[in-house]
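Have a look at the structure below, then the notes.
From a predicted model like this one, the values you see are computed outputs, not experimental measurements.
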Amino acid sequence: MRDLFKQRIAKEMRSLADKWWNEDRRDLFRSLEVIASDTPNPDGIGLSLDTILNDLELYDDPMQGRGSWLFDNELHLARALGEKLKKTVDQARLVEAGPATLASVSWPDARRTAVSLLSLMAVNGDFTG
C-alpha cells in the first residue's frame, strides 16, 4: 500500500520532505500533510492511514522509529497520533477508511495531533544519511 500512496498521492505533491534522506520519515511527513490539509481527500486520507498505521506501525510500535526516523521530542506526538488515528478508523479497512475517518467524532482531535507532529517535524528536519 505504501507504493500506492506514493503513486497516487505523493507524486502529485511538492513537499518540504521531498529530498529527505530517510524514506520512513519522508513518508510519515507526506502522510501528515494529507491528513492536515484544509481540503480533505478521503482517498488520500485512507492511503495515509495505511502508511501510518500499517507500514510505519505508529499504533503498534511507535518507538521503533526512535533515533532512526523519529526524533525524541516527536515520540509523544507519534504515539498519541497512532492511538487517535486507530480510534477514528475503528475496524474499517485502512485504505478504504477515509470517508469513515472524516465522519468520526474523534477525527478533529486526531487531525490536530497530526498538525502538531507535522509542525514539529518541519522544525526538526531530516535525519542525515
Side-chain angles (χ1 to χ4, degrees):
M1 286 300 154
R2 194 182 217 178
D3 289 336
L4 191 59
F5 173 81
K6 290 176 184 177
Q7 290 169 2
R8 287 192 186 169
I9 307 300
K11 77 172 187 171
E12 299 171 7
M13 298 170 56
R14 293 293 166 248
S15 174
L16 170 71
D18 282 346
K19 296 185 190 253
W20 283 4
W21 168 80
N22 189 287
E23 180 181 22
D24 290 334
R25 186 166 181 79
R26 185 174 56 239
D27 289 351
L28 175 58
F29 192 87
R30 287 177 170 169
S31 294
L32 292 173
E33 288 177 314
V34 171
I35 289 171
S37 173
D38 290 330
T39 54
N41 172 337
D43 290 337
I45 289 171
L47 290 169
S48 295
L49 291 169
D50 188 71
T51 296
I52 291 170
L53 295 175
N54 279 344
D55 297 330
L56 300 175
E57 298 179 337
L58 279 193
Y59 176 73
D60 297 323
D61 186 14
M63 296 299 285
Q64 71 174 321
R66 183 180 194 177
S68 61
W69 50 271
L70 285 172
F71 287 92
D72 284 346
N73 67 344
E74 298 166 348
L75 290 171
H76 71 284
L77 285 171
R79 177 181 289 118
L81 179 64
E83 291 170 1
K84 291 174 184 183
L85 289 178
K86 186 68 171 179
K87 185 176 179 183
T88 67
V89 299
D90 193 27
Q91 299 298 314
R93 185 168 174 249
L94 290 176
V95 76
E96 299 167 350
T101 297
L102 289 170
S104 170
V105 296
S106 55
W107 172 247
D109 187 38
R111 185 178 175 275
R112 279 190 297 276
T113 303
V115 169
S116 296
L117 181 55
L118 180 69
S119 297
L120 184 56
M121 288 178 72
V123 168
N124 286 341
D126 192 20
F127 281 87
T128 56

>> Applying salt bridge (charged side-chain N to carboxylate O under 4.0 Å, His left out) to D38 and R111, what does each step give before you reach the verdict?
In response: CA-CA 10 Å; D38 290 330; R111 185 178 175 275; 3.1 Å; yes
> Does the side chain to side chain contact (heavy atoms under 4.5 Å, CB included) test come out yes or no for F71 and R25, once each step is laid out?
Replying inline: CA-CA 10 Å; F71 287 92; R25 186 166 181 79; 3.4 Å; yes
>> Nearest 0.5 angstrom please: Q64 CD to D24 CG, how far?
In response: 7.5 Å
>> Which heavy atom of R26 sits nearest to which heavy atom of W21, and what is that distance?
In response: NH1-O, 3.8 Å
> Measuring from L81:CG to L56:CG, what's the distance to the nearest 0.5 Å?
Replying inline: 10.5 Å
> Could you give the distance from CG (L49) to CD1 (I35), rounded to the nearest 0.5 Å?
Replying inline: 5.0 Å
>> Looking at every non-hydrogen atom in both residues, tell me the closest pair between G82 and L53 and how far apart they are.
In response: O-CD2, 3.7 Å
> So how far is it from I52 CD1 to R30 CZ, rounded to the nearest 0.5 Å?
Replying inline: 13.5 Å
> Donor-acceptor pair, T51 side chain versus L47 backbone, under 3.5 Å?
Replying inline: yes
> Does a donor on one side chain sit under 3.5 Å from an acceptor on the other, for S106 and K87?
Replying inline: no
>> Apply side chain to side chain contact (heavy atoms under 4.5 Å, CB included) to residues D27 and D55 and explain how you reach the verdict.
In response: CA-CA 10 Å; D27 289 351; D55 297 330; over 6 Å; no
> Between S37 and E33, is there a donor-acceptor pair closer than 3.5 Å when you use the side chain of the first and the backbone of the second?
Replying inline: no
>> L70 and side-chain contact (heavy atoms from CB on, under 4.5 Å): which single residue from L75, N124, N22 fits?
In response: L75
> Shortest non-hydrogen contact from P108 to V105?
Replying inline: CD-O, 3.5 Å
> Please walk me through it: do L85 and W107 pass side chain to side chain contact (heavy atoms under 4.5 Å, CB included)?
Replying inline: CA-CA 8 Å; L85 289 178; W107 172 247; 4.1 Å; yes
>> To the closest 0.5 Å, what do you measure between NZ (K84) and OG (S104)?
In response: 12.5 Å
>> For a quick test of reading the model, state the closest non-hydrogen atom pair linking A97 to V89 and the distance between them.
In response: CB-CG1, 3.8 Å
> Do W69 and L120 share a hydrophobic cluster, counting only Ile, Leu, Val, Met, Phe, Trp and Tyr and linking them when any side-chain heavy atoms are less than 4.5 Å apart?
Replying inline: yes
> How many angstroms lie between atom CE of M121 and atom CG of L32, to the nearest 0.5 angstrom?
Replying inline: 6.0 Å
>> Check for me, please, whether L77 and V115 land in the same ILVMFWY cluster - side-chain distances under 4.5 Å, paths through other members count.
In response: no
>> To check you understand the geometry: which heavy-atom pair defines the closest contact between A110 and T88, and what is its length?
In response: CB-CG2, 3.9 Å
